[in-house]
Amino acid sequence: MDNSKQKAPSLLDALLPMVVLIALLAASVLLFKDDSSYGPNQIALFIAAAVAVVIGLKNGHSWQSIEQAMVKGISLSLAAVLILLAVGALIGTWLLSGTVPTLIYFGMQLLSPSWFYAASCILCGVVAMSIGSSWTTAATIGVALIGVATGLGLSPAITAGAIVSGAYFGDKISPLSETTNLAPAVAGADLFQHIRHMLWTTIPSIVLALLGFVLIGFNSTVSADLAHIEQISAVLQSQFNISLWTLVPLAVLLLMAMRKIPAFPTVFIGALLGGVWALFFQQELISRLADEQLPALVAVFKLVWQTLFAGFSISTGNDDMDSLLSGGGMASMLNTIWLIFSAMMFGAVVEHIGLLRKFVESILAFARSTGSLITSTMATSLATNILTADQYMSIVMPGRMYKEEYERRGLAPVNLSRALEDGGTITSPLIPWNTCGAYMHGVLNVNPLDYLFYAFFNLINPVLAVIYAYLGIKILRLTPPESVAPILAGKNS
């Protein structure tokens, strides 16, 4: 169809799919509660996408172009899908190899319940900063910490909030992180200037978050007594060979991540290494679980193979322990992938027919001050996270849309890059249908709506950034020779 026949969307056009989506997602949570992410949310996204398609057709877009945009949008999530499948396999083999049970065992011995939430946040922050990946941190250290919390009788939701807080703090200030490199690249800022500029909001935010976790920890009623912890430890020792050697797969994975080997091969190699490690260190467990009707070697091979795709399952005689020590497998991630595909399809439609750009144009009409411009940038990144369901899109699209306006106002690029991270990177794991929220749900087995109000760092950081913007704190302006006067002169001529 000729582009000249396409009409620009109205503000009502831009708002309608969003209103429909929010209403359906609210109804999904109300009707299906914790099961809302296992089908109902996907249907909500499909219906909202259908509304956006109708608007696009009304405005002159062809079905063929919209369909191509859907396919392209879904294809953008395929890298995340591969990582998710690898993570599912990794969790399964790391349970079989004793890696996760060993982390749980030592974690219960070393972590005091009163300090647990704060310590979990710090541990995840250090690991994420070292390897530059919040996802890898959650899939390894995070999974073990959820297990420790269950053993200690602590809240999985608060623990997940601490894990997400620490993981995203470390990811955000790590020069190895993809998003930390992407934001300054889009804004035209220097990487290390960008990181230094972010410290003004991230350091106070993580300090306040840790204070919150300490207060909760010391005021929580811990249900696990010493006898219960000893009982869990005894079950772990009876079922698995608990040894520092079983932590080698974790050490290898972290080393590969620090060497900047891409995430998918890193995680999948970690999963395969977990299967191999189980053959050496969990022979007694494997002999109990292997199919007795097959020759020994074939039965062992089948068990490891099955663990990669179907996960690990064990029967200890204790339902709580069985739930704690069972899970993983690529199949366990299929629902999360379904949610990501649905969300990316919806996001592709609203982006293709110009609804998101309409939002930005409407916002800029009211963004008169520097504070309102920065706040608008963050709000657009958040809206992009909600609409397109992708963390990278929440950085790239608003970055491209606002870059010229920042230059026109003489604002240094680091202001834009920090706003993109404060509004985009930080909020992505709080949205259940976003790739990051869906990933955290799949890995930690805690719904983002449950840990939402406990991810203190992710909540405090954007609020603090808005306060800074309106008070004019650490707002950097361009100075010669970076002055935008020549740019403005060129535009006015």
Side-chain angles (χ1 to χ4, degrees), residues 11 14-15 18 22 168-169 172 179-180 182-184 186-189 193-206 208-209 350-351 355-388 390-431 434 436 452-453 455-478 484:
L11 185 58
L15 288 173
M18 186 62 181
I22 291 174
Y168 275 81
F169 164 73
K172 191 179 177 188
T179 55
T180 306
L182 180 62
V186 171
Q193 287 180 350
H194 166 67
I195 292 174
R196 286 195 296 270
H197 196 55
M198 285 197 300
L199 294 179
W200 292 99
T201 53
T202 54
I203 296 301
S205 298
I206 196 64
L208 291 172
V350 298
E351 192 275 331
L355 302 190
L356 190 60
R357 183 171 291 278
K358 183 62 182 179
F359 272 121
V360 174
E361 292 172 354
S362 303
I363 290 170
L364 280 176
F366 298 96
R368 304 295 184 185
S369 67
T370 298
S372 62
L373 176 63
I374 292 175
T375 302
S376 298
T377 305
M378 294 172 56
T380 305
S381 291
L382 173 59
T384 308
N385 262 328
I386 294 171
L387 290 170
T388 68
D390 183 71
Q391 175 183 236
Y392 298 107
M393 294 292 283
S394 74
I395 294 173
V396 174
M397 289 182 60
R400 289 194 306 223
M401 292 175 181
Y402 284 101
K403 184 178 180 181
E404 184 176 327
E405 186 66 18
Y406 275 73
E407 291 177 347
R408 192 184 70 81
R409 299 192 187 193
L411 295 169
V414 289
N415 297 293
L416 174 57
S417 62
R418 187 174 76 180
L420 294 173
E421 292 247 57
D422 289 339
T425 304
I426 297 299
T427 60
S428 59
L430 307 180
I431 301 163
N434 187 280
C436 295
L452 172 63
F453 294 107
F456 295 144
F457 173 75
N458 305 68
L459 296 173
I460 294 170
N461 197 131
V463 173
L464 194 62
V466 170
I467 294 173
Y468 274 36
Y470 278 100
L471 294 180
I473 299 173
K474 291 299 171 183
I475 304 298
L476 301 185
R477 296 194 173 273
L478 288 171
V484 293

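- Looking only at distances, no side-chain donor or acceptor of Asn458 sits under 3.5 Å from a matching main-chain atom of Thr427.
- Partners of Thr375 according to the side chain to side chain donor-acceptor pair (under 3.5 Å) rule, which considers only residues two or more places apart in sequence or in another chain, do not exist here.
- Side-chain N or O atoms of Asn415 include none that pairs as donor or acceptor with a backbone N or O of Ile475 at under 3.5 Å.
- Evaluation of the side-chain contact (heavy atoms from CB on, under 4.5 Å) rule for Ser372 yields Ala367, Ser369, Tyr470 as partners, not counting sequence neighbours.
- In this structure a side-chain-to-backbone donor-acceptor pair under 3.5 Å is missing from Ser205 to Phe457.
- The side chain to side chain donor-acceptor pair (under 3.5 Å) search around Thr377 returns Tyr406, not counting sequence neighbours.
- Listed by chain and residue number, nothing satisfies the ring pair (Phe, Tyr, Trp, His ring centres under 6.0 Å) test with Tyr402 (two or more places apart in sequence, or in another chain).
- Looking at Leu182 and Tyr392, their side chains come closer than 4.5 Å, going by heavy atoms from C-beta outward.
- Every residue two or more places apart in sequence or in another chain that forms a side chain to side chain donor-acceptor pair (under 3.5 Å) with Asp422 is listed here: Lys172, Asn461.
- The side chain to side chain donor-acceptor pair (under 3.5 Å) test applied to Thr384 returns no partner, not counting sequence neighbours.
- We find that Glu404 and Arg408 are not joined by a salt bridge, their nearest charged nitrogen and carboxylate oxygen being 4.0 Å or further apart.
- A 4.5 Å side-chain heavy-atom check between His197 and Ser417 finds every atom pair outside the cut-off.
- Contact of the Thr180 side chain with the Glu421 side chain is registered, since non-hydrogen atoms from C-beta on lie closer than 4.5 Å.
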